[in-house]
Amino acid sequence: MSDRTDRTRLIASATRRGRGRRAVAPAIERASTLLNDSPDAMRDESRGPVYGIEDLSAARELRALLAELEGAIDAWLVPSGLAAVTAPLTALLRPGDAVLTTDALYGPSRRFLKRHMGARGVTTAFHAPDAATDDILAALTDRTRVLLIESPGSLTFDMLDIPALAAGCRARGVLTVMDNTWGAGLAFRPLAWGVDVSVQAVTKYVAGHSDLLMGSIAVADPAVGRPIAETLEDLGWRVSPDDAWLALRGLRTLPLRYAEQARSALVVAEWLRARPEVADILYPALPGSTGHDLWKRDYAGAASIFGVVMQGGDEAAAHALMAALELFGLGYSWGGFESLITHETGQLAGRKAPPELAGQLLRLHVGLEEPADLIADLEVGLAAWRAQQDSNLQPSA
Ligand SMILES: *Cc1c(COP(=O)(O)O)cnc(C)c1O
């Protein structure tokens, strides 16, 4: 079984025999209350869940499949990708503990550490997004309980040497939690590389259709999993059966969508890199890009999202470019079937040490459209960028 590819395994799990005549997809059980035939049966936990807050059919199948994909003993579902980051940190950290993480951390995760954990006696230190492994390990203190890894980092897509970080942390008794949304549990398997807790926003590639929010948390070691499972139970965090059903549907086609979107993203990124309006492409999967060697060594695929550093420009030019596009939706998030564009220059100001870029920073998410059509659309966008730049040079009337 295990030597079959993900593509096969994710589908074969749906057609397994021995379950009688049934629908391919599980039933959606919407329930708070589960009824029993007798008072004795009511107390019999071997008959499955006794109350709707326990995961029901679709969520159970989704959990099992995600755990298999991640090489985990279990995977828990939470109501958002953000909750997948905050739940293990809530479970593993105590007042007086410290967290070390990247300055390129996903913004809302950073806010959680500062505001929520900060008010509860947990301090956070940041390392440079492209720091060397030795420098990161040297920044661990006696109080550091967790290294929170996000690679590639948000917005600037900086790569870290995860196997080396995981080994270094393990030797020092520091737990590693990795936000692996970019790897989607597919291109990179954190647990196999020695990371303790692998989390992802299911919202993105697993769901794949921009129609739900969900997160998953996977572990290989029961001792790490126990406090996380207890915390989720204590906090009462569960997902909706309808969302679990949709995420399971998305998961069946994840390998195909992910690979196809990465192929298109590479074509679009290469085209953009050759344009005079563009100074740099932040995409580790692109040969010649920063972080490409690490990506090539450790990753079996790539997400279809990257940064585009423009040659100078200002906000008006960035907005002119975005406004001229027809095929790129103006919206946050990624991993869905549709292409999206955002303007990120302002977001970088929240960092301890904002990077010095050659110009405006845009973020492109490439969907399942034909890449040649996306390129034609971008051609129009770049013309609007140039026109806006030129109008800045005109003497004002
Ligand atoms: C989107 C995202 C999240 C949060 O997911 P939500 O479901 O939107 O809460 C966390 N981490 C990364 C890297 C993300 O891109």
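First listed ligand is number 1; within each ligand, the first listed atom is number 1.
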Please write down residue, atom name and distance for the protein heavy atom closest to atom 14 (C) of ligand 1. Lys204 NZ, 2.9 Å

Does ligand 1 have any atom sitting under 4.0 Å from a heavy atom of Gln200?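 No heavy atom of Gln200 comes that close to ligand 1.
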
Please confirm whether Trp182 approaches ligand 1 to less than 4.0 Å, judged on its heavy atoms.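 No.
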
Check: [X]/[Y] side-chain N/O donor and acceptor closer than 3.5 Å:
X      : Y      : value
Ser304 : Tyr205 : yes
Thr156 : Arg351 : yes
Thr101 : Glu150 : no
Thr290 : His292 : no
Asp40  : Ser38  : no

Give the numbers and elements of all ligand 1 atoms closer than 4.0 Å to a heavy atom of [X].
X      : value
Leu82  : 4 (C), 5 (O), 6 (P), 9 (O)
Thr203 : 6 (P), 7 (O)
Gly81  : 4 (C), 5 (O), 6 (P), 7 (O), 9 (O)
Trp334 : 15 (O)

Is it the side chain, the backbone, both or neither of Leu213 that has a heavy atom closer than 4.0 Å to ligand 1?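 The answer is the side chain.
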
Below 3.5 angstrom, do we get any N/O pair linking Asp179 and ligand 1?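 Yes; at least one N/O pair falls below 3.5 Å.
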
Mutual orientation of the aromatic rings belonging to Trp182 and Tyr299 [parallel < 30°, tilted 30-60°, perpendicular > 60°]: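 It falls in the perpendicular class, over 60°.
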
Heavy atoms from other residues, nucleotides or ligands near CZ of Arg43 exceed 12 (cutoff 6.0 Å): no

